[in-house]
Amino acid sequence: MAKRKRQFTEAKIERMIKEGRGQGSGKDYLPWLTIQDVPSEGRVTRGVGWTTGRRHQLLSDIERDYFYLLDYCDDVSDIREQFPLLPLEETQMIAEKIGVEHPKDPKTGISIVMTTDFLITYRDKTLARTVKPSAELENERTIAKFEIERIYWDSRHVDWGIITESDLPDALIRNIEWVHKEFHNEDVPALGIFTIRNLQQMLSARLHNGEVVSRACLACDEQLGLDAGTSLALFRHFIARKIWSVDMTERIIPTLPAKDFSEKHSDIRLEAKGG
């Protein structure tokens, strides 16, 4: 069933500003738009973001994929999605100056607040990134809106750019997606550090010997008396936490050995990026 777009009125925009939409940082940031606000195949991240410690509002598959890439990057310290270009009067003035129509709500006819898909804190810089399928770059109206966005960020000396599917390494992203929800694995505190260390040592030895991942994990489950699937979930946890390393540029297939497996740290860390 198609989602219905919520209409934007001046009162609604004022209310969103008062709610703190588009304000804050890290865990406290509130996106300007949520998946309830737009007619999209939007989705909320299944788990808590590693970088921010909150769930993210992502309005398309390509946004989700780019988010995974950002969340995996150690040099990214904040990710703010659906960031509003405020004040509204500024983007209206830009549109008038360059001779293009400002985006409006099709039902109410009022100018809407434009957004940038991602505002990223990368090392000591702020980056603004719009994420769109390459096919949309052939649309003149889309290009006109991008020009408003570009000028807005240029006036603030913020690096703005467009990301398309060609910029997104699929195998790496699918691997990040596969391990993502296990970053905060509930079995770690429940099992205790000694059991986790034993599992880590046993599983590491099997993987170093070239045993396929699924078989090695099942053997560890049986040997330690764990529920089936526990060791595989922890294998994903160790990769997500970057305690263990594998070749992330090729799809991780549990029925095969882990390619280029190595231990980046001698022992497990119970805290890491995002807590």
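Annotation for Cys220 and Arg206: closest pair SG-CD, 4.2 Å, computed over non-hydrogen atoms. When all heavy atoms are compared, the tightest approach of Pro103 to Arg141 is N-NH2, 3.5 Å. Taking each heavy atom of Thr115 and Pro84 in turn, the nearest pair found is CG2-CA, 4.1 Å. Across all non-hydrogen atoms, the minimal contact from Val158 to Thr126 is CG1-O, 3.6 Å. Nearest heavy-atom pair across Phe8 and Thr108 is O-OG1, 2.7 Å. Minimum interatomic distance between Leu191 and Leu226 (heavy atoms only, all atoms of both residues): CD2-CD2, 3.8 Å.
Ionic pairing of Lys12 and Asp105 is not present here: no N-O contact between side-chain nitrogen and carboxylate oxygen is shorter than 4.0 angstrom.
Of the residues listed (Arg129, Arg54, Arg64, Arg55), the one engaging Glu81 in a salt bridge (charged side-chain N to carboxylate O under 4.0 Å, His left out) is Arg54, and it is the only one. A ring-ring contact (aromatic ring centres under 6.0 Å, His included) with His56 is found for one member of Tyr29, Phe67, Trp50 and no other, namely Phe67.
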Checklist entry - Between Arg80 and Thr121, is a side chain to side chain contact (heavy atoms under 4.5 Å, CB included) present by the stated rule, with each step listed? => result CA-CA 9 Å; Arg80 287 174 281 178; Thr121 304; 4.0 Å; yes
Next on the checklist: Is there a side chain to side chain contact (heavy atoms under 4.5 Å, CB included) between Val188 and His237? Walk through the geometry before answering.
Outcome noted: CA-CA 9 Å; Val188 173; His237 172 76; 3.6 Å; yes
Checklist entry - Are Met114 and His102 close enough, and set up right, to give a side chain to side chain contact (heavy atoms under 4.5 Å, CB included), and what steps lead you there? => result CA-CA 9 Å; Met114 298 179 65; His102 192 279; 4.0 Å; yes
Checklist entry - So Met93 and Glu90, side chain to side chain contact (heavy atoms under 4.5 Å, CB included) or not? Walk me through it. => result CA-CA 5 Å; Met93 289 175 59; Glu90 183 174 348; 5.8 Å; no
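Asn198 and Thr195 share no side-chain donor-acceptor pair at under 3.5 Å. Between the side chains of Asn139 and Glu136, no donor-acceptor pair is found at a separation under 3.5 Å. One side chain, Trp153 or Thr116, offers a donor N or O that lies under 3.5 Å from an acceptor on the other. Checking Asp221 against Ser231 by side-chain atom types alone, a donor-acceptor pair falls below 3.5 Å. Side-chain N/O atoms of Thr130 and Asp117 include no donor and acceptor closer than 3.5 Å.
Put simply, the side chain of Leu172 does not reach to within 4.5 Å of the side chain of Thr249, judged on heavy atoms. Ser214 places none of its side-chain heavy atoms less than 4.5 Å from the side chain of Leu232. Proximity of Ile62 to Leu168: side-chain heavy atoms (C-beta onward) are separated by under 4.5 Å at one or more points. Within the 4.5 Å cutoff, no side-chain heavy atoms of Glu14 are placed close to those of Glu10. No side-chain heavy atom of Tyr152 sits less than 4.5 Å from a side-chain heavy atom of Trp160.
Side-chain atoms of Gln82 come within 3.5 Å of backbone atoms of Gln57 as a donor-acceptor pair (strictly under, hydrogens ignored). A donor-acceptor contact shorter than 3.5 Å is absent between the side chain of Arg236 and the backbone of Val179. In terms of modelled atom types and a separation under 3.5 Å, the side chain of Asn175 and the main chain of Met248 share a donor-acceptor contact. No side-chain donor-acceptor contact under 3.5 Å links Asp75 to the backbone of Tyr122.
The number of heavy-atom neighbours closer than 6.0 Å to CD of Glu96, taken from other residues, nucleotides and ligands shown, is 12 or below. Other residues, nucleotides and ligands contribute more than 12 heavy atoms inside 6.0 Å of the CG atom of Asn209. For Arg215, the CZ atom is loosely surrounded, since the number of other residues' heavy atoms within 6.0 Å does not exceed 12.
Using a 4.5 Å cut-off between side-chain heavy atoms of Ile, Leu, Val, Met, Phe, Trp and Tyr, with links allowed through other members, Val113 and Ile94 fall into different hydrophobic clusters. Residue Leu234 is grouped with residue Trp178 when hydrophobic side chains (ILVMFWY) are merged at heavy-atom distances under 4.5 angstrom, including chains of intermediate members. When the side chains of ILVMFWY residues are joined at heavy-atom separations under 4.5 Å, either directly or via intervening members, Val246 and Leu69 end up in a single hydrophobic cluster. Cluster membership for Val76 and Ile163, using ILVMFWY side-chain heavy atoms within less than 4.5 angstrom, is shared. Both Tyr72 and Leu127 are part of a single hydrophobic cluster, where members link through side-chain heavy atoms under 4.5 Å apart.
Under the rule for a ring pair (Phe, Tyr, Trp, His ring centres under 6.0 Å), the partners of Tyr66 that lie at least two apart in sequence or sit in another chain are Phe118.
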